[in-house]
Amino acid sequence: MVIATTGYDEEELAQVHALAPQIPCVMASNMSVGINVMLQAIQLVANVLGDDYDVEVIEAHHNQKVDSPSGTALRMAEVLAQTLDRNLSEVGVYGRHGIVGKRTKKEIGIHAIRGGDLAGDHTVLFVGTGDRLEITHRGQNREPLARGAIRAARWVMGAPKGLHDIAEVLF
Ligand SMILES: NC(=O)C1=CN([C@@H]2O[C@H](COP(=O)(O)OP(=O)(O)OC[C@H]3O[C@@H](n4cnc5c(N)ncnc54)[C@H](OP(=O)(O)O)[C@@H]3O)[C@@H](O)[C@H]2O)C=CC1
Ligand SMILES: O=C(O)C1=N[C@H](C(=O)O)C[C@H](O)C1
């Protein structure tokens, strides 16, 4: 089975994890090679910069998307939190509105933009004092996502039972 859908709640994810050991299964919020390379890149950068830089994730998608933030942005935030030894459920800040107070050192901001036919852009900002590093992936269309999903479907037919990461398929 290949699961590419995003927006699952905790209970639905728990069901996937409970059932996955019975069959070969690949699950990923983003099937493209580009995004999965970016996931590795942000891990590397976060490891080097550590707590010295503020980390924010920004995603932009088409106006038909129903879940927010994107599964990919959430995955990026999870990877960043894990790398920086933080708990996303404690440090994740989903948009800001009103007198929210100064930014805390460890929070990870996650922001969603919606409009037109955007195929999907993701940026991670590492903002320091005096400089910033921005890593961006821009989807021009959905082909890379579809290609990754087809590779996953072919790969999963010969895979052992259990839940596999898309990195096992692509790299
Ligand atoms: N992992 C990845 O690489 C990618 C993931 N996605 C994710 O895939 C999902 C779908 O996105 P997208 O294709 O744009 O959405 P669409 O709205 O275009 O398509 C959703 C489809 O799912 C069907 N559907 C909705 N609810 C159910 C249900 N309960 N049971 C069965 N079918 C259902 C809809 O049927 P109907 O029209 O009849 O309502 C529709 O055909 C999103 O979660 C998105 O984030 C998207 C692209 C890449
Ligand atoms: O809904 C979409 O279009 C996409 N959804 C996935 C997500 O939520 O991350 C993957 C990709 O960004 C396109």
Side-chain angles (χ1 to χ4, degrees), residues 1-20 22-46 55-84 86 88-89 91-96 108-126 134-159 161-171:
M1 180 184 278
V2 175
I3 305 176
T5 313
T6 55
Y8 290 115
D9 62 26
E10 300 264 319
E11 197 182 319
E12 289 163 336
L13 282 176
Q15 282 177 345
V16 171
H17 282 271
L19 292 171
Q22 297 175 27
I23 50 164
C25 182
V26 175
M27 185 177 188
S29 57
N30 198 298
M31 296 283 167
S32 73
V33 174
I35 280 289
N36 284 283
V37 170
M38 181 169 163
L39 283 170
Q40 297 193 350
I42 62 173
Q43 197 171 355
L44 186 93
V45 172
V55 184
E56 301 272 317
V57 181
I58 305 164
E59 58 97 337
H61 281 83
H62 52 92
N63 58 22
Q64 298 301 297
K65 186 163 177 61
V66 296
D67 58 314
S68 173
S70 69
T72 308
L74 284 173
R75 180 76 192 122
M76 287 177 174
E78 272 166 16
V79 165
L80 290 162
Q82 207 174 354
T83 307
L84 294 165
R86 301 175 196 173
L88 188 60
S89 60
V91 300
V93 173
Y94 298 85
R96 294 186 181 89
I108 296 177
I110 303 151
H111 312 281
I113 290 163
R114 294 288 174 265
D117 63 353
L118 287 171
D121 295 349
H122 292 89
T123 294
V124 176
L125 290 175
F126 296 90
E134 303 183 2
I135 302 178
T136 296
H137 174 271
R138 294 191 198 285
Q140 288 162 198
N141 57 54
R142 290 181 151 208
E143 270 184 42
L145 300 161
R147 274 198 301 271
I150 290 167
R151 279 179 69 179
R154 290 199 172 119
W155 182 90
V156 84
M157 286 191 289
K161 288 179 188 171
L163 200 51
H164 299 275
D165 193 84
I166 186 70
E168 289 181 67
V169 178
L170 300 177
F171 306 127

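Note that ligands are numbered from 1 as they come in the structure, with each ligand's atoms numbered from 1 the same way.
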Should the proximity of S29 to ligand 1, defined as any heavy atom under 4.0 Å, be assigned to the side chain, the backbone, both, or neither?
backbone
Ligand 1 contact on S32 by region, counting heavy-atom pairs under 4.0 Å:
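Looking at S32 and ligand 1, no heavy atom falls under 4.0 Å.
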Shortest protein contact, [atom] (heavy atom only):
atom	result
atom 3 (O) of ligand 1	M31 N, 2.9 Å
atom 9 (C) of ligand 1	T5 CG2, 4.0 Å
atom 6 (N) of ligand 1	A4 O, 3.8 Å

May I ask which of H62, R142, Q64, M27 has a heavy atom nearer to atom 12 (P) of ligand 1 than the others do?
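Of the listed residues, R142 has the closest heavy atom.
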From the candidates I166, N36, L145, the one that places a heavy atom nearest atom 48 (C) of ligand 1:
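The nearest heavy atom belongs to L145.
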So, the side chain of Q82 versus the backbone of V79: is there a donor-acceptor pair under 3.5 Å, distance only?
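Not confirmed, Q82 side chain does not pair with V79 backbone.
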Can a donor-acceptor pair be found, under 3.5 Å and without considering hydrogens, that links the side chain of N36 to the backbone of N30?
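Checking the backbone N and O of N30 against the side chain of N36, a donor-acceptor pair under 3.5 Å is found.
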Give a yes or no on whether R154 atom CZ has more than 12 heavy-atom contacts from other residues, nucleotides or ligands under 6.0 Å away.
no
Going by side-chain contact (heavy atoms from CB on, under 4.5 Å), name the residues that satisfy it together with N141, two or more places apart in sequence or in a different chain.
E143, P144
Quick one: closest heavy-atom pair of [X] and [Y], and the distance?
X	Y	answer
A149	M31	N-CB, 3.6 Å
L170	S32	CD1-O, 3.9 Å
L118	A60	CD1-CB, 3.8 Å

Proximal atoms of ligand 1 relative to [X] (non-hydrogen, under 4.0 Å):
X	value
K65	44 (C), 45 (O)
N30	1 (N), 2 (C), 3 (O)
T6	42 (C), 43 (O), 44 (C), 45 (O)

Does I3 reach the side chain of C25, with side-chain heavy atoms less than 4.5 Å apart?
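Side-chain contact under 4.5 Å: yes.
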Are Q43 and L39 side-chain neighbours, meaning at least one heavy-atom pair lies under 4.5 Å?
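Q43 does not reach L39 side chain to side chain.
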Indicate whether [atom] is within a distance of less than 4.0 angstrom of some protein heavy atom.
atom	result
atom 18 (O) of ligand 1	no
atom 25 (C) of ligand 1	no
atom 36 (P) of ligand 1	no

Candidates H111, R114, K65 - the one meeting side-chain hydrogen bond (donor to acceptor under 3.5 Å, both in side chains) with E59
R114
Pairs of nitrogen or oxygen atoms, one from ligand 2 and one from the protein, closer than 3.5 Å: please tabulate them with distances.
unit_1	atom_1	unit_2	atom_2	d
ligand 2	1 (O)	K65	NZ	2.9
ligand 2	3 (O)	H62	NE2	2.8
ligand 2	3 (O)	R142	NH2	2.7
ligand 2	5 (N)	K65	NZ	3.2
ligand 2	8 (O)	T6	OG1	3.4
ligand 2	8 (O)	K65	NZ	2.7
ligand 2	8 (O)	G71	N	2.9
ligand 2	9 (O)	G71	N	3.3
ligand 2	9 (O)	T72	N	2.8
ligand 2	9 (O)	T72	OG1	2.5
ligand 2	12 (O)	H61	NE2	2.6

Under the salt bridge (charged side-chain N to carboxylate O under 4.0 Å, His left out) definition, can you give me all pairs with a residue in residues 2-14, not counting sequence neighbours?
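Of all non-adjacent pairs touching residues 2-14, none passes salt bridge (charged side-chain N to carboxylate O under 4.0 Å, His left out).
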Go through the steps to decide whether F126 and I42 satisfy the test side chain to side chain contact (heavy atoms under 4.5 Å, CB included), and finish with yes or no.
CA-CA 9 Å; F126 296 90; I42 62 173; 4.3 Å; yes
Using non-hydrogen atoms of the residue, decide whether G71 is closer than 4.0 angstrom to ligand 1.
no
Selection residues 56-77 - residue pairs positive for ring pair (Phe, Tyr, Trp, His ring centres under 6.0 Å), sequence neighbours left out:
H61-H122
